[in-house]
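Have a look at the structure below, then the notes.
Small disclaimer: the values here were computed from a predicted structure and weren't measured. In what follows, every heavy atom counts, from backbone to side chain, and hydrogens, waters and symmetry copies are set aside. A note on names: the letters A, B, ... follow the listed sequences, proteins ahead of strands, and every chain is numbered from 1.
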Amino acid sequence: MSAAATTSHTGLPRTTATAGSAGRVILKRAAGSVFVLWAAVTLTFFVLRLTPGDPITAILGGAGSSPSPETVAAVKAQYGLDQPVFVQYLDYLAGLATGNFGTSYIFKVPVLDILGPQILPTFQLAGLAMVFSWAIALAFTLLTVGRGRVLDGIGRGTEVLFAALPPFWVGIMLAVVFAVILGWFPVAGDDGFKSLVLPALALAIPLAGFIAQVTRSSFEEALAQPFVLSARARGLSELAVRLGHALRHAILPGLTLSAWAVGSLVSSAVVAEIIFARPGLGRSLVDAIINRDLPITLAVVVIIAAVYIIVTLLVDVLYRVIDPRISEKGATA
Amino acid sequence: QPADDTFVFATGKDISCLDPHVDGDMPQASIAANYLDSLVSQDKDGRIHPWLAESWKVSEDGLTYTFKVRDDVTFTDGTRFTAEAVKANLDHMVDPDTQSGTAGGYLKPYESTEVVDDATAVVTLNRPYAAFLEVLAQPFLGMESPTALKRPQAENCNSPVGTGPYKIVDYVPQSKVSLVRNEDYNSAPPFAQHQGPAYIKNLEWQIVPEDSTRYGLLRAGQVDALDLMPSVHFAEAEADKNVALVLQDRPGNPTNLMLNTTRAPFNDLRVRQAFLRSAYVEAGINSVYFGTVTQAGGPLASTTKFYSPDFEDAYRPDPAEAARLLDEAGWTGRDKEGYRTKDGKRLIVHFPYTPAVWPTAHQALVTQLQASAKQAGIDVRIETGDFASVSEQGNNFDYDLRADYWNTNTADVLRIVFSSEYTESAGFVPNGSGFRNKEFDKIVNDALATDDPAVREKLYYQAQRIVSDNALQLPLYNQASQLAVRTDRFADLTLEPSLSLPYIYDVSAVKQS
Amino acid sequence: MTVTNNDGGTPVPQEAPASLLLGIEGLNVSFSTPRGRVDVVRDVSLALAPGKALALVGESGSGKTVTARTLVGLNAANAKVTADRLEVLGRDALALSERQWRGVRGKEIGYVLQDALVSLDPLNTVGQEIDEALRAHGVRGKAERLERVHQALRDAGIPDPELRARQRSGELSGGLRQRALIAQATVLNPQLVIADEPTTALDATVQAQILELLEGLKEQGRGLIFISHDLAVVGRLADEIAVMQGGRIVESGRAAEVLADPRHEYTKALIDAIPSGAAKGTRLSAATRVRAAAEPDRATEFSETAPAVEARGLSKSYPGPGGTRRTVVDDVSFTLERGKTLGIVGESGSGKSTTARIALGLTRPDAGTVTLGGFAWAGAGADEVGEEQRRRHRPDIQLVNQDPLSSFDPRFSVGRVITDALEAGSIGTPRDRTQRALDLLARVGLPASLFDRRPLTLSGGQRQRVAIARALALQPRVLLLDEPVSALDVSIQAQVLDLLADLQEQLGLSYLFISHDLGVIHHVSDDVLVMKDGHVVESGTAAELFVNPQTDYTRQLLAAVPELPARA
Amino acid sequence: MSVALEPSTARDNRPGTPDPGPLSTRRSTAAKAAAALRKTPIGVWIAAALLAFLVIAAVVPSLLIRQDPYVIDPATAFTAPGAEHWFGTDQNGRDVFSRVVAGTGQSLLLGLAATAIGLVLGGLLGITAGVSGKWLDSAICRFVEVLFAFPGLLLALIVIAVSGTGIVTAAVAVGVGTAPGYARMLRTQTLQVIASPYVETALSLGRSRPHILWHTIVPNVVRPLFVLATLGVGQAIVWASSLSFLGLGAQPPAAEWGAMLADGRNYIQLAWWIAAFPGIFITLAALTTTVVGRHLQQRLEAEV
Ligand SMILES: Nc1ncnc2c1ncn2[C@@H]1O[C@H](COP(=O)(O)OP(=O)(O)OP(=O)(O)O)[C@@H](O)[C@H]1O
Ligand SMILES: Nc1ncnc2c1ncn2[C@@H]1O[C@H](COP(=O)(O)OP(=O)(O)OP(=O)(O)O)[C@@H](O)[C@H]1O
Ligand SMILES: [Mg+2]
Ligand SMILES: [Mg+2]
């Protein structure tokens, strides 16, 4: 349990690559993706729909509202809530198949109208957070691994510290120091790259801690491999050995971690979105769940699941680029 | 730096559907005041003036209102404003399909509207309703384009259309609403300081729920004004010469904790009184709100017409009296933790609460009240929950305490918050105390049947006394508009008078030297 | 990422051409470890002339690799190197800067690492790996480099170099990988080539080919340092031999002389320990015989007349790529007589282990039957035997495999490993199991002090003995030995083989002995089965088969086995 | 591969060495443990000391608490850290140090409970999948794969949506959120154990399959869990504090770190200490458990 153990507490999936002809692989993948989407939606639908709590409360729950029984009946009919749950479920699936995510209980507008504008900011945030995480993690790895006890210790310690930091705490501190006190970055908002930096860092720093930890241990492992010695014996410089050989092996576990992290960034972005007053799916999700806005919750689940699936696929492709053995042998490193 | 022709306003509470007819939450009214005009307007003293209605006549029996409306006003979608629009709007508000909370709730006596001609609309009520004109002055009941109202609700929620000084051009939920000046605006209300189009071309309404972020944006100059000014930053803002505070208490039922009288322990008047006596509200307000809010002293906010200060001191904190009342009520035992017991059962008060919908200071305040109740031997359990389940409990009288307030520009709020009519409702139940009292119901209904101010004042005084005597709620502090604005860039941010909401129409850019 | 040419290091100052490639006197290497400083190489002196081959031999851990790595300046960071003289290619190696070393490595000294299977970056193609050496040393011109890559592969005896250059090491067989590794070390025509265990882990035939390749390098006039723990292999190639033990050179001299007339006890023991020369029954080690066996006290229905194991027509196939099936065991039959040893020999992948697993009842055959002491034990279709029926007889047949460590529950101490086996066979009472376990340890020549140790902390030979003790705990009739000595040094291998011989003699055990080492098989077997690609190529008694092989394949195998020159 | 001979081995093999017997090796085990302790890096020592402090704070808070963490005194609100109030006071005049200490027990317990829930759920799924036949295995795998499409926070939120907020729900929510990761890991672990030669050896020793399952497979799968749990606790605490930050965790006036931080964040410019100290303690808890856990893990791996 070497690789698994080092990343264990985060509970990482391992990317699984399947062997076989490209066509069959793609077909299998597509079927698997549809299944995951369907199951995710179904699970969420029934879990949330069958828990106590009337969606009517959510729909008519604005402060000071005082709807009459006629109103309630009208709403029930409008949202199809007068039907048996299973019929509602089938209706929802049918709608989903045609790209109709339903109408928000809270906002009373089509879900896509609400979530549409939130998607891009979230992806930008998650994407930049990912880039930052890798930049930090790689800097740590290349600069501190095997560079003497002191540097190694500093790198190791910082990584563990980073991984232990709660993102919201990092966000608040960054906001106070760099936006309010120093004024280097905007306090909040969604207004160009500069406004993305702090929220992305808030998410990236803890994540970088995790990526750096797994990358460090696999980098150490790689540096200890005979082929690295072999390369040195050929007369290669330290830098060439690190960049040309060790790094390539070392980033694979971190990559697996990233596949999982992107999906979770979409939801955990909520803290950065709250602190930096950014629009985004994370906030929509948390609000939707708090307000029992089932259609929005379901739609966010679909989006997150789709992101997870797509990113997993991308990582798989990247994996194959970095480690071509997979496509040939159908086994992960 | 935003351009001079854009005013950026940061609001602290999320907006759901923009159309204020639907639901009825303050943030909707807040922005509606800037793109909707109302039929009538109200001044600071509560008097009613013409707006889109040039004049009106009320029948003897108080059941028929004949409005003469302006004929020179056009909605921003090009639809002409006529009596037909009045009918369309009132019908829309009471239509169950609209799922209106506030506007529909205010129009319970509404029967129908008859359009006599383009300029004349006759509204029929099914009972006298003296507060009718007052509620009509609220942005919740603003006039929307009948053409726009015909669209599906989803569409109208995204882009309601009014005759106001601004019109909505874009809405990104949970993020911002963009508005642009209505260049043809010619229907400014009497409380406005000028006529014609607004001074500022663009209005951006940003949604920033996080307190410190919203304030940070203002300090950094990223926004020009904000609401729900965090009390912790008042002193700092006051010291900042570039920032001014715009403060105004709102009329209505102040922020309070409702005591559920329908079940134990608060079905016992003595226990209710004891709880009120145990609460050190003033100390709490001064510490967590830094004195930025006005303590409320009775069922009405002090800014409400017909408010009487006589009940302010009805329940001064008095531990000895609280103890006496509890002893009298039979809660004589004490358990290990010092809580009072009766028949071996602890005096527990369940308080479902959604922190997310309240200001931070409110959360601190209720924690302090919890602690002071503990001194009296009352175990207040703040049970945090999501909004949906807490409001569900709220609607089923499944609580002992409920955090509430009701902003409205009329003392009729007493009827909404305390009469038996409002203890039953399929959705939200405004009467959180579950108080049912025939005498009280008669008084507040009688007050609607007359427009003689003296009579009304007398009736509302009696109503306030009944509420106070029955210890139905623990008043905390007046709801207030607390705005902060960058005075280095803009001047004349005012409040519209009905609900004291931010009014951007008169705002003008400060000439930079 | 491109490595720029000026990365190749500054030119090393040339001195007058030395007649010797190596001149080492009083070399010491120590490592600082958490437990303190460890001396690993002590007072080693070596010399090597061009066109000559020097062999470093010695058991595992004797310091061979550390010595070799010192010669390319690539010892681990915690190493401390001192020497009276450390001249490599006429330069003072102790004074070389890291930059100068880079100029030497690959260009003047080619270094072939010990673990050929993992010494090429699995993510790069073989061509890229060789090309890297050329680029690191400033060879410009893509086309030229490509040509030299192909040439190096061709020189290393790799057929179809254009194709192989585009493949990754994972796609090559062990032999090809070893050649590719040699190619990347020799592409710049270094004057000195160091090859660390270049033939270990290779089948005999492949091993012979590699030796030939190295011979060729020597003939080109290069110096060759060649490391092995196998004296027989060394005998074919070396001009000079240095025997290392515990970090010191205990004996050195002309190869022929050292092998024919070893002076040092250790060298003698090493030569004696080689099983190939010695027929069954002779002892390979100096270890004392194990003491006599206790009476078996387990009731068994094991037949006293039927053969111990009889396999008929065993076949097994596995799904291969693209929906095909690959037959890995094809119609294999054999008979293991009671008290005898049946050796199974064959190249890697020939199906030896699969056959053993079928015989053990762990893998279900597609066809064929196995009987154990006359009982139906395993079979296919109608002859299938359930695990429930088998369990009763399980104690009669036990397995000892190549990697004993992985066969111990990691939670267990040595004692627990054995008492657990006793418990599994319901032998003895819980109370006297400890005593029985200690007896078993003694029987396999292990001290009682190991009882509480974890297997991880034992040496390979000790672990193998524990595995044997555990197998004996159940008082079996048949031991299935799958490459039981392949991971061991010759000297320890000798001890284990002697132990097995003693046990067989005293307990009347039957052995099914699997190995790819013909020498070992020759030494231990009464009967031999030669397997290739799942088939039995040839079978017969050891005496006949090794003296008079009937098939070309067997002849080929035998020819490839390196033999020591006859001793004086 | 070659097997290096350890010096001790050579000694044991030397003929004539008096047999010291099993007892003395026990002593040497103790000596080894002592040596291992000496090898422990200084960072781990510091972490262990801090963790010990946290554990004391959790188990006997009365040793450390100086003021009642729940008593409200509006008059002393926002007092800066000093001799009277080491970590200052909060918006309600409560002593932040006492509150942080009082919250330790709850936070650690929450972390432990969440990790335990995650491990038990994940373990049930993972081990069942690992030891089951093709059908059930792939069904569970599919299920876990689907759960993976739900990021942990989403799963946690759904649990909260179903059962409301509160400290118990938070523990369950975080536990459920981490379960899929553990499930996958434990399945891999189980498969590895099943494929290991020692399981096969147990079979060839004549052990029955249920016996092997309960006495060989399960113990070996479960063995590394302790360390995993140590590593998980820190992250669970961070997670739970996130929930509290979102207002979905502990109930007031509970001195839960995440909730304290969430409360204090609005006062950060006026009174940084209200949010700073709970934040530091969350980080400390996560950091120390991780460092100590990782160290144990390395030791365990070295031992195996
Ligand atoms: N970096 C290191 N730190 C500490 N000890 C080391 C280090 N490298 C090697 N050693 C020790 O040095 C000794 C000699 O090792 P070396 O690799 O030279 O043996 P070898 O003769 O090549 O054995 P083998 O036949 O197993 O390859 C061994 O005991 C080994 O454990
Ligand atoms: N479970 C399995 N599934 C698929 N293929 C298998 C399986 N077990 C063995 N094989 C294949 O069967 C062939 C024979 O394997 P086996 O282990 O019996 O060879 P061997 O002669 O013991 O080789 P070695 O000397 O390398 O141990 C190999 O090519 C191997 O890859
Ligand atoms: Mg070696
Ligand atoms: Mg094999």
Side-chain angles (χ1 to χ4, degrees), chain A residues 1 18-25 138 142 145-152 218 220-252 255 318-333, chain C residues 1-4 6-9 68-69 71-74 76-77 98-99 101-125 128-138 167-171 181 184-185 187-188 190 194 196 321-323:
Chain A
M1 47 170 277
T18 31
S21 73
R24 254 187 60 190
V25 170
L138 288 184
L142 288 174
V145 177
R147 304 262 192 198
R149 280 185 56 147
V150 176
L151 272 181
D152 211 67
S218 54
E220 276 168 354
E221 240 166 66
L223 275 184
Q225 292 292 314
F227 61 77
V228 166
L229 187 63
S230 217
R232 292 212 165 101
R234 256 176 253 146
L236 259 65
S237 68
E238 182 64 26
L239 190 70
V241 165
R242 281 178 181 244
L243 289 177
H245 292 276
L247 191 59
R248 209 164 151 203
H249 289 262
I251 60 175
L252 293 177
L255 211 58
L318 252 176
Y319 233 97
R320 282 158 202 263
V321 171
I322 293 170
D323 187 351
R325 290 172 298 177
I326 296 167
S327 26
E328 282 147 19
K329 283 200 174 163
T332 39
Chain C
M1 135 94 223
T2 36
V3 179
T4 51
N6 49 17
D7 251 6
R69 282 175 65 169
L71 303 182
V72 282
L74 277 179
E98 176 59 26
R99 220 172 158 68
W101 265 127
R102 285 212 307 266
V104 171
R105 292 180 202 138
K107 188 152 187 213
E108 304 189 20
I109 306 178
Y111 185 61
V112 181
L113 259 72
Q114 178 163 3
D115 315 276
L117 299 184
V118 287
S119 291
L120 290 168
D121 192 331
L123 300 184
N124 283 348
T125 64
Q128 281 166 339
E129 291 279 290
I130 303 175
D131 187 55
E132 210 173 55
L134 293 169
R135 275 187 308 165
H137 292 283
Q167 288 181 318
R168 275 173 285 275
S169 69
E171 298 164 63
L181 197 64
Q184 64 91 34
V187 62
L188 286 150
I194 303 172
D196 196 347

For this session: Taking salt bridge (Lys or Arg N to Asp or Glu O under 4.0 Å) as the test, write out the residues that go with Arg234(A), two or more places apart.
Result: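 With sequence neighbours excluded, Arg234(A) shows a salt bridge (Lys or Arg N to Asp or Glu O under 4.0 Å) to Glu129(C), Glu132(C), given in chain and number order.
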
Exercise. Listed by chain and number, what are the salt bridge (Lys or Arg N to Asp or Glu O under 4.0 Å) partners of Arg232(A), not counting sequence neighbours?
Worked result: Glu238(A)

Considering all heavy atoms of both residues, which atom of [X] and which atom of [Y] are nearest to each other, and what is their separation?
{"X": "Ala136(C)", "Y": "Leu236(A)", "value": "CB-CD1, 3.7 Å"}
{"X": "Pro122(C)", "Y": "His249(A)", "value": "CG-CE1, 3.5 Å"}
{"X": "Leu123(C)", "Y": "Ile322(A)", "value": "CD1-O, 3.7 Å"}

Exercise. Quick one: does Ser230(A)'s side chain have a donor or acceptor within less than 3.5 Å of a partner on Ser119(C)'s backbone?
Worked result: yes

For this session: Report the option among Ile109(C), Leu113(C), Val112(C) that has the most heavy-atom pairs separated by less than 4.5 Å from atoms of chain A.
Result: Leu113(C)

Problem set entry | Option that, when pairs with chain A are counted at under 4.5 Å, heavy atom only, ranks first among Glu98(C), Lys107(C), Arg69(C), Gln128(C) | Arg69(C)

Exercise. Could you give the distance from CG (Asp196(C)) to CG (Leu229(A)), rounded to the nearest 0.5 Å?
Worked result: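 Interatomic distance, Asp196(C) CG to Leu229(A) CG, rounded to 0.5 Å: 10.0 Å.
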
For this session: Measure the CG-CD distance between Leu120(C) and Gln225(A) for me, rounded to the nearest 0.5 Å.
Result: 12.5 Å

Problem set entry | chain A contact via Val118(C) - side chain, backbone, both or neither, heavy atoms under 4.5 Å | both

Problem set entry | Under 4.5 Å from a heavy atom of chain A, the part of Leu181(C) involved |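 The side chain, not the backbone.
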
Exercise. Side-chain contact, heavy-atom cut-off 4.5 Å: Pro226(A) with Gln114(C)?
Worked result: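 Answer no - side chains too far apart.
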
For this session: In sequence, state the C-alpha distance, the side-chain angles, and the governing distance for Arg248(A) and Asp121(C), and then conclude on side-chain contact (heavy atoms from CB on, under 4.5 Å).
Result: CA-CA 10 Å; Arg248(A) 209 164 151 203; Asp121(C) 192 331; 5.7 Å; no

